There are 2 protein chains.
Amino acid sequence: MAVRPRLTTAKVVDAALELVDEQGVEGLTLAAVAARTGVATPSLYKHVASLAELRGHVGVRVLEEMTARFTEKVLGRAGDEAVAALMHAYREYVKEHPKRYAAMPMDPLHDELQQAAGMKLVEVMLATLRQYGLEGSAAIHATRRLRVIVHGFASIEAGGGFGLPEGLDDTYDQLVRMYLTDLRGQ
Amino acid sequence: MAVRPRLTTAKVVDAALELVDEQGVEGLTLAAVAARTGVATPSLYKHVASLAELRGHVGVRVLEEMTARFTEKVLGRAGDEAVAALMHAYREYVKEHPKRYAAMPMDPLHDELQQAAGMKLVEVMLATLRQYGLEGSAAIHATRRLRVIVHGFASIEAGGGFGLPEGLDDTYDQLVRMYLTDLRGQ
DNA sequence: CAGCTGAGGCTAATGGCATTAGCTTTTGGG
DNA sequence: CCCAAAAGCTAATGCCATTAGCCTCAGCTG
């Protein structure tokens with residue numbers, strides 16, 4: 001509280017996200033963040049413990065953004081409509097920020113900070129499925145199936161893994177329909 | 001043909017795969033490969049153009065291994081049985097070599113060498129579905145849906161993205177059933 | 001109002017890594 | 001028997017992360 005800080009951890013993470021969006025994970029380097037924030041590289045250590053920790057912060061941000069957006073989209077909807085809205089919102093987010101999504105580590109569980117953020121995202125999914133009255137472990141399996149579909153498609157699309165982008169909307173619609181049918185019949 | 005080479009590109013890739021299996025992608029470094037193969041780092045450039053190219057070779061290897069294994073498993077089976085065998089073989093491979101799978105880039109399309117290997121894998125999937133008599137684009141969509149499920153689950157599992165490993169076999173069985181039902185009804 | 005304290009910046013230095021340049025050795029074909 | 005080129009090596013460059021230690025100034029304290 002002694003000095004009015006030019007830089008804050010939040011601003012460092014902002015710059016990191018910009019870099020990731022522009023150049024992908026490999027472009028996220030302390031030197032680049034320093035250049036962008038107009039500071040010498042070692043100065044960043046006053047706000048962030050290491051490059052690894054900065055990556056963690058980036059992951060948390062992304063998770064929080066996703067959770068916020070999905071929550072908004074799902075509120076006020078119910079049943080199939082809510083599930084479809086969630087799935088489409090997921091894809092939209094990843095299409096908007098493909099590199100950002102790819103930068104997110106798949107295991108938020110090994111990181112203290114990310115664990116909480118990751119759990120909230122999963123809880124939004126669980127809540128969306130709650131109306132289907134699934135019993136205990138059935139709800140967990142249903143949530144996992146949802147994650148698999150939504151993340152599988154998003155990561156392939158974001159990584160340019162589909163040959164031609166042709167008809168991708170159709171493919172996704174089919175996946176949504178497949179999941180909804182499955183929810184009903186399981 | 002002039003000299004009997006101590007090292008070959010293939011051996012370099014072998015060492016690279018070992019490193020990836022042991023330490024993950026981040027552990028794949030030219031210095032480490034050199035140490036493992038008993039050679040000075042710059043000597044590797046006689047067999048490989050760059051670290052990036054070596055990563056590409058690793059990707060091709062993995063793709064080829066997967067293709068070979070899946071082909072073997074699918075041969076002699078038909079219909080639902082063949083599809084289920086393919087899906088289970090996919091997961092088994094990834095469980096055996098989680099780091100190796102995570103090391104594989106999602107876009108074999110941007111790389112000349114990987115493109116061919118990636119296409120072969122997709123063709124095995126297409127062939128497995130051929131018996132369902134899907135028309136043109138329907139076959140492409142079905143293949144994409146299959147990839148989404150299989151890769152979505154594998155990448156989350158390999159990355160430790162599922163909270164507890166409990167009941168994962170059940171989750172996967174449900175996904176297989178979901179896909180088979182979908183194939184029938186689509 | 002003077003002075004101290006600590007936060008936030010900076011420069012210098014270290015060590016790992018990829019990559020390049022240029023030298024040396026070895027060997028298979030002539 | 002000789003030599004060209006393949007395969008290795010050492011030395012050197014440059015980028016990056018990280019650490020150590022110094023400097024400055026705002027704001028609280030007396």
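In what follows, chains are A, B, ... by sequence order, proteins preceding strands, each numbered from 1. Computed from a prediction, not measured in an experiment: that's the story for all the values here.
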State whether B/H47 places a side-chain N or O below 4.0 Å from either non-bridging phosphate oxygen (OP1 or OP2) of D/dG8. yes
B/K46 NZ to C/dT25 P, in whole Å, measures 14 Å
Which residue in the set B/R61, B/R100, B/K99 passes salt bridge (Lys or Arg N to Asp or Glu O under 4.0 Å) when paired with B/D21? B/R100
For atom CZ of B/R6 and atom P of C/dT25, their distance in whole Å: 14 Å
Qualifying side-chain hydrogen bond (donor to acceptor under 3.5 Å, both in side chains) pairs with a residue from residues 120-137 of chain B, counting only residues at least two apart or across chains: B/D80-B/Y132
Walk me through whether B/E53 and B/H57 qualify under side chain to side chain donor-acceptor pair (under 3.5 Å). CA-CA 6 Å; B/E53 200 207 66; B/H57 283 303; 3.1 Å; yes
Note down the inter-axis angle between the two ends of the helix from C/dC1-D/dG30 to C/dG30-D/dC1, five pairs each, to the nearest 10°. 10°
Find the distance B/L7:CG to C/dT25:C1' and express it as a whole number of Å. 17 Å
Gap between atoms CG and C1', on A/L44 and C/dA7 respectively (whole Å): 15 Å
Side-chain donor-acceptor contact under 3.5 Å, A/H141 with B/T171: yes
Spacing of A/R55 atom CZ relative to D/dC16 atom C1', expressed in whole Å: 12 Å
B/F162/B/F153 aromatic ring centres below 6.0 Å: yes
Can you pull the ring-ring contact (aromatic ring centres under 6.0 Å, His included) pairs that have at least one residue in residues 8-39 of chain A, sequence neighbours excluded? none
Between protein and nucleotides 11-20 of chain C, map the contacts as a letter string: B base, S sugar-phosphate only, - none, heavy atoms under 4.0 Å, written 5' to 3'. BB----SSBB
Apply side chain to side chain donor-acceptor pair (under 3.5 Å) to A/Y172 and list each qualifying residue two or more places apart in sequence or on a separate chain. none
Just to verify, what does A/Y179 make a side chain to side chain donor-acceptor pair (under 3.5 Å) with, not counting sequence neighbours? none
